[in-house]
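Down below is the structure, laid out as structure tokens.
In the text below, chain A, chain B and the rest are named by the order of the sequence lines, each starting its count at 1.
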Amino acid sequence: MAETEIRNYTLNFGPQHPAAHGVLRMVLELDGEVVERADPHIGLLHRGTEKLAETRTWVQSVPYMDRLDYVSMMCNEHAYCLAVEKLLGVEVPIRAQYIRVMMDEVTRILNHLMGIGSHAFDIGAMTMILYCFREREDLMDVYEAVSGARLHSAYYRPGGVYRDLPDTMAKYQPGRFKNEKTVAKMNEARQGSLLDFLEDFTERFPKYCDDYETLLTENRIWKQRTVGIGVVSPERALALGFTGPMLRGSGIAWDLRKKQPYEVYDRVEFDIPVGKNGDCYDRYLVRMAEMRQSNEIIRQCIAWLRENPGPVITDDLTVAPPRHAKLKTGMEELIHHFKLFSEGIHVPPGEVYAAIEHPKGEFGVYAVSDGANKPYRVKLRAPGFPHLAAMDELARGHMLADVTALMGTLDLVFGDIDR
Amino acid sequence: MSAKLERMKQLLQIVAGDRLRSLVEDRGEVTVEVAAADYFEVARILRDHAGLKFEQLIDLTGLDYSTHADAARAQGKRFATVLHLLSVTHNWRVRLRTFAEDDAFPVLDSVCELWPAANWYEREAFDLLGIVYSGHDDLRRILTDYGFEGHPLRKDFPVSGFVEMRYDPEAGRVVYQPVTIEPRENTPRIVREASYGNAGHG
């Protein structure tokens with residue numbers, strides 16, 4: 001009998017695969033349908049954010065942070081602003097801290113809706129993503145109301161947030177496709193302030209979560225595709241640098257919002273959901289429970305923000321611009337304004353690492369200053385980076401179709417992995 | 001929190017005292033500096049010592065100190081690797097910095113063996129700064145293009161790079177050519193005195 005040569009089949013997954021969540025090229029070595037080795041090639045979305053930050057003033061880099069993880073924009077800005085504030089040693093007004101916490105949780109829901117929706121979509125549950133995007137639309141409107149932009153908000157600034165929450169919401173207008181009656185119904189929740197609109201959303205949202213759970217949690221196909229896939233032990237999760245839901249899914253109750261509280265997270269009540277088995281299904285449950293917790297945090301923040309008006313950005317004129325009314329009459333304010341926007345903030349020498357509990361895990365900013373108006377070095381610690389690095393270990397021994405399930409559970413976004 | 005930091009600093013002194021070049025606390029963060037020769041051993045102690053237990057490598061990155069305003073702090077060396085470690089057990093963090101001895105060919109030990117998470121981080125530092133990690137078994141470029149030359153995060157690398165890419169209709173493919181844009185600096189880099197901007201009467 002003639003000798004037959006058996007060799008592994010090498011498959012290119014991406015860079016234009018719909019389940020690759022952006023631009024990932026993964027070289028898979030297959031033995032039949034079983035993955036022997038996965039080698040992700042990243043960097044197709046590398047824009048050199050860290051290098052660019054070195055040539056921009058401290059404030060000019062804030063919009064770049066939006067473009068890192070482009071489904072949780074404000075959280076990226078938050079970590080960056082915390083780092084600059086830590087270097088400067090400025091106090092953030094308490095109202096700004098509540099606004100930040102509230103917007104962070106809005107962002108967390110946005111991110112998890114996208115994560116779970118596309119995860120389900122990748123492995124066959126088409127309906128999920130449509131429902132998730134319906135709710136994302138409302139939250140995008142919240143983004144637009146506070147900052148003027150639906151995605152790249154640039155709302156947080158070192159020292160606080162750019163402006164206070166608006167008193168009105170944008171309303172739909174009747175036109176060729178929507179008549180008066182439809183528009184009136186769509187505008188029902190938009191009659192009051194932003195807080196009214198968001199409160200209305202938080203009342204509706206638990207019901208939506210129930211709907212998602214009806215669709216997925218006990219769904220036989222969903223469970224067949226996720227239970228027991230990509231199991232990570234707690235020890236291994238720590239060694240691989242996992243954070244966020246990836247770590248909590250393995251049963252480690254680690255959440256920076258509780259363990260190393262920043263802003264006003266020590267004043268709001270919430271629980272940390274923890275998984276048990278460390279598989280894709282548990283991580284899905286963790287994310288689902290986190291959305292419900294975020295909803296509760298938003299409600300607490302709304303209640304506080306209604307009661308307590310106040311400044312939303314520091315009054316230190318070397319850090320934040322002066323109020324516009326004063327600009328017209330005060331010489332000092334005018335000088336500060338000019339220097340701030342031409343030269344930027346001067347940050348004292350030193351180095352800090354500021355981390356927040358980003359929806360995907362720990363997002364950290366390591367900022368080094370040598371006293372100039374620009375950073376000397378900014379290192380962005382993206383949560384997705386170590387998660388994707390573990391892809392090889394997770395995928396080994398699984399079937400080819402499970403790779404998409406793993407991609408979904410890692411909640412990858414290439415903006416922050418490639419930077 | 002500060003009592004906790006004190007305890008950690010004392011422990012660090014006891015455990016690795018003679019190996020530490022410096023131990024600084026600044027803005028509530030502890031930074032430890034070690035010589036390149038002691039780097040791996042100190043990292044191992046930080047991970048394994050029951051009282052410290054830094055079981056998680058949160059971040060590893062490189063730094064190029066060649067244009068830093070405070071030149072003395074790098075002791076004349078150019079490249080450093082900085083690790084951010086986290087202990088989930090004790091809930092504390094530490095920063096570990098090591099300077100590579102040779103500026104022309106910076107080499108440091110790889111810590112992949114201690115924390116598997118270091119694998120891609122070291123590849124990234126190699127890619128962007130050209131620091132070589134000995135003992136790393138897969139030190140390929142990671143973020144830059146296939147066939148990229150140079151290390152972009154080095155301070156002597158221009159922001160606009162050296163080559164640009166375009167589609168050449170004659171050749172029928174994408175070609176590389178020297179950059180045609182001129183580098184510009186809109187806001188100059190300025191270091192002011194510490195009291196700048198605080199007139200004291202505002």
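The contact between A355(A) and chain B is made entirely by side chain atoms (from C-beta outward), counting heavy-atom distances below 4.5 Å. For L60(B), the part sitting under 4.5 Å from any heavy atom of chain A is the backbone (N, CA, C, O) and nothing else. Interface residue P349(A): only backbone heavy atoms are found under 4.5 Å from chain B. Contact annotation for I345(A): neither backbone nor side-chain heavy atoms come within less than 4.5 Å of a heavy atom of chain B. Contact annotation for Y366(A): only side-chain heavy atoms (C-beta onward) come within less than 4.5 Å of a heavy atom of chain B. Within the 4.5 angstrom heavy-atom criterion, no atom of D315(A) approaches chain B. Contacts between P116(B) and chain A at a heavy-atom distance below 4.5 Å involve backbone atoms as well as side-chain atoms. The contact between A382(A) and chain B is made entirely by backbone atoms, counting heavy-atom distances below 4.5 Å. At a 4.5 Å heavy-atom cutoff, the contact between T31(B) and chain A is made by side-chain atoms alone. Using a 4.5 Å cut-off between heavy atoms, R141(B) does not touch chain A at all. Heavy atoms of I252(A) lying under 4.5 Å from chain B belong exclusively to its side chain. Heavy-atom distances place the side chain of R140(B), and not its backbone, under 4.5 Å from chain A. Within the 4.5 angstrom heavy-atom criterion, only side-chain atoms of K379(A), from C-beta onward, approach chain B. When heavy atoms are compared at a cutoff of 4.5 Å, Y146(B) approaches chain A solely by way of its side chain, counted from C-beta outward. Within the 4.5 angstrom heavy-atom criterion, no atom of P322(A) approaches chain B. If you measure heavy-atom distances from L57(B) to chain A, the contacts under 4.5 Å come from the backbone alone.
Ion pairing between E185(B) and K374(A) holds under the 4.0 Å rule for side-chain N and carboxylate O. By the 4.0 Å N-to-carboxylate-O rule, K155(B) lies close enough to E54(A) to be salt-bridged with it. Ionic pairing of R257(A) and E357(A) is not present here: no N-O contact between side-chain nitrogen and carboxylate oxygen is shorter than 4.0 angstrom. Salt-bridge formation is detected for the pair R37(A)/E29(A): a Lys NZ or Arg NE/NH1/NH2 atom is positioned less than 4.0 Å from an Asp or Glu carboxylate oxygen. E50(A) has a carboxylate O that lies under 4.0 Å from a charged side-chain N of R419(A), or vice versa, which qualifies the two as a salt bridge. A salt bridge links R236(A) to E393(A): one of the charged nitrogens lies within less than 4.0 Å of a carboxylate oxygen.
Note: Y265(A) and Y262(A) have perpendicular aromatic rings, judged against thresholds of 30 and 60 degrees for the angle between ring planes. Classification of the Y65(B)-Y376(A) ring pair by plane angle, with boundaries at 30° and 60°, yields parallel. The aromatic rings of F157(B) and F162(B) lie perpendicular to each other, with more than 60° between the two planes, well past the 30° mark.
Between chain B and the residues I335(A), L45(A), L240(A), the most heavy-atom pairs under 4.5 angstrom are made by L240(A). Interface remark: of the candidates K339(A), K259(A), E362(A), E362(A) forms the most heavy-atom pairs closer than 4.5 Å to chain B. Contact count against chain A (heavy-atom pairs under 4.5 Å) is highest for L143(B) among T144(B), L143(B), V191(B). Note: V352(A) leads D418(A), V368(A), V352(A) in heavy-atom pairs under 4.5 Å with chain B. Most heavy-atom pairs under 4.5 Å with chain B, from the set P386(A), S342(A), G344(A), A239(A): that is A239(A).
Aromatic ring centroids of Y121(B) and F385(A) lie under 6.0 Å apart.
In summary, the side chains of E55(B) and T89(B) do present a donor paired with an acceptor at a separation below 3.5 Å, with no hydrogens or angles considered.
You'll find the side chain of L86(B) stays beyond 4.5 Å of the side chain of W92(B), heavy atoms only. With a 4.5 Å cut-off on side-chain heavy atoms, L139(B) and V132(B) count as touching.
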